2 protein chains.
Amino acid sequence: MAQPDATDRKLLRELQRDSHRSVQVLGDSVGLSPSACHRRIKALEDAGYISGYRAELDAERLGFAMQFFIEVGLNSQSEAALDAFEAAVQDIPEVLECHLMAGHSDYILRVICRDHEDFEHLHRRLSARLPGVARIHSNMSIRRVKARTGLPI
Amino acid sequence: MAQPDATDRKLLRELQRDSHRSVQVLGDSVGLSPSACHRRIKALEDAGYISGYRAELDAERLGFAMQFFIEVGLNSQSEAALDAFEAAVQDIPEVLECHLMAGHSDYILRVICRDHEDFEHLHRRLSARLPGVARIHSNMSIRRVKARTGLPI
DNA sequence: GCTGAAAGGGACAGAGT
DNA sequence: ACTCTGTCCCTTTCAGC
């Protein structure tokens, strides 16, 4: 597949909104017969546009009440220092996302916690036990104002 | 359902890893018969632990090459100012997430862009056309170091 | 590339342990 | 609360347009 056409993009939008519908129903919503719809989806999967199908869990319902954006600065920006930090961060389950940043901070982490105790434990782990950490600044989210589920296609 | 037990949590982990498997296969991976597995999943859905099933799209494959964390400060922290800003932010599709923050910045936005032009357009829209914006600081992600798909349950 | 029909398999409900 | 079993519907394929 060279480039997804308008129907493909519509299908992708539908799939990232709710993937648990039959090809019958999905076909109806984009104006395709079930088998044509099925073939399109298969092609989109094979071309790598769809990386997976996932259940989205309710974080609050599961007790994750707090979310933070943590800025991290390292002592050194050598390749070894970055590699060591990145390897260590993989093992912390509370870290949902970690980005190497341009600009002021070296890294930005998006983390989620159940309670203050959880966060203290995490904070300690980040500042004391992660290699090369010079500076940590935590920003707590008071409320999630917007949460788009999926890409703006 | 009062609280999900160990089997439920295992099931939730499996579902947020890959929800496109039959109850047969899912049951095998958690040690349940297909119908028992099916009943558990139904119960978890009904109790609100699962908020939806979504296809995860490949952002890079779809041309979204840039990601930013944008800090926004407002002129006023009055309720009207916050409401106006929050309403306006809902209409910008590139804004994947928006958080009301404790601390230095009023808001942190996670945005995604295809190219520089896209970002310039977005930046202009944020600073000029959004109500009450006093200060914007954009942080570009060089590389996504970690992307956990789902919650640490 | 689409439609339509036919076969195979999974989802779902009910009775039993 | 799980297992077994049967029914129904959907997925998937293939022939034809």
Side-chain angles (χ1 to χ4, degrees), chain A residues 1-64 114 149-153, chain B residues 1-64 114 149-153:
Chain A
M1 179 182 299
Q3 206 67 0
D5 66 12
T7 304
D8 289 323
R9 287 196 299 274
K10 201 167 177 182
L11 203 44
L12 288 172
R13 271 198 298 276
E14 292 296 330
L15 285 170
Q16 77 176 346
R17 191 170 69 81
D18 177 12
S19 66
H20 257 210
R21 286 175 288 174
S22 66
V23 291
Q24 174 88 255
V25 173
L26 284 167
D28 286 348
S29 69
V30 302
L32 243 45
S33 77
S35 48
C37 181
H38 176 254
R39 200 164 352 93
R40 293 266 192 163
I41 294 173
K42 209 56 174 289
L44 288 167
E45 289 171 353
D46 291 343
Y49 290 107
I50 298 172
S51 54
Y53 295 93
R54 311 221 135 82
E56 185 183 277
L57 307 188
D58 188 315
E60 303 228 337
R61 187 79 180 82
L62 285 160
F64 294 98
R114 293 179 180 276
T149 55
L151 304 175
I153 57 166
Chain B
M1 178 180 300
Q3 208 66 359
D5 65 12
T7 305
D8 289 323
R9 286 196 299 275
K10 202 167 176 180
L11 201 45
L12 289 172
R13 270 198 298 277
E14 293 294 332
L15 284 170
Q16 77 176 344
R17 193 171 68 80
D18 177 13
S19 65
H20 257 208
R21 286 174 288 173
S22 67
V23 292
Q24 174 88 256
V25 173
L26 284 167
D28 287 347
S29 68
V30 301
L32 242 48
S33 78
S35 48
C37 181
H38 177 254
R39 203 161 350 93
R40 293 264 193 166
I41 293 173
K42 210 54 176 288
L44 288 166
E45 289 171 354
D46 291 344
Y49 290 107
I50 297 173
S51 54
Y53 296 94
R54 311 218 135 82
E56 184 182 279
L57 307 188
D58 187 314
E60 302 229 337
R61 186 79 180 81
L62 285 160
F64 294 99
R114 294 181 179 276
T149 55
L151 305 175
I153 56 166

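All of these numbers come straight from a predicted model, not from anything done at the bench. Labels below follow one simple rule: chain letters A, B, ... track the order of the sequence lines, proteins then strands, and each chain is numbered from 1.
- Close to C:dG1, at under 4.0 Å from its OP1 or OP2, lies no side-chain N or O of A:Arg39.
- Using a distance-only test at 3.5 Å, with no hydrogens or angles considered, a donor-acceptor pair links the side chain of B:Arg114 to the main chain of B:Leu62.
- The NE2-C1' distance, from B:His20 to C:dG10, rounds to 13 Å in whole Å.
- Judged purely by atom type and a 3.5 angstrom limit, A:Gln16 uses its side chain to pair as donor or acceptor with the backbone of A:Leu151.
- Atoms NZ (B:Lys42) and C1' (D:dA1) sit 17 Å apart, rounded to a whole Å.
- At whole-Å resolution of the value, CD1 in A:Ile41 and P in C:dG1 are 16 Å apart.
- Considering A:Arg9, A:Arg40, A:Arg21 in turn, A:Arg21 is the only one that fulfils the salt bridge (Lys or Arg N to Asp or Glu O under 4.0 Å) rule with A:Glu14.
- Rounded to whole angstrom, the span from the CZ atom of A:Arg40 across to the P atom of D:dT11 amounts to 18 Å.
- Checked against D:dC2, C:dA13, C:dC2, the side chain of A:Leu32 finds its nearest nucleotide in C:dC2.
- When atom types are taken as modelled, the side chain of B:Arg61 and the backbone of A:Ser51 share no donor-acceptor pair closer than 3.5 angstrom.
- Between B:Gln24 atom CD and D:dT5 atom P the separation is 14 Å, expressed in whole Å.
- Side-chain N/O atoms of A:His38 include one lying less than 4.0 angstrom from OP1 or OP2 on D:dT12.
- Residue B:Val23 places its side chain closer to C:dA11 than to any other of C:dC2, D:dT12, C:dA11.
- Residue-to-nucleotide contacts include no donor-acceptor pair under 3.5 Å from the side chain of B:Ser22 to the base of C:dG9.
- Between B:Arg21 atom CZ and D:dT11 atom C1' there is a gap of 19 Å when expressed in whole angstrom units.
- With hydrogens and angles ignored, a donor-acceptor pair under 3.5 angstrom links the side chain of B:Ser35 to the base of D:dC4.
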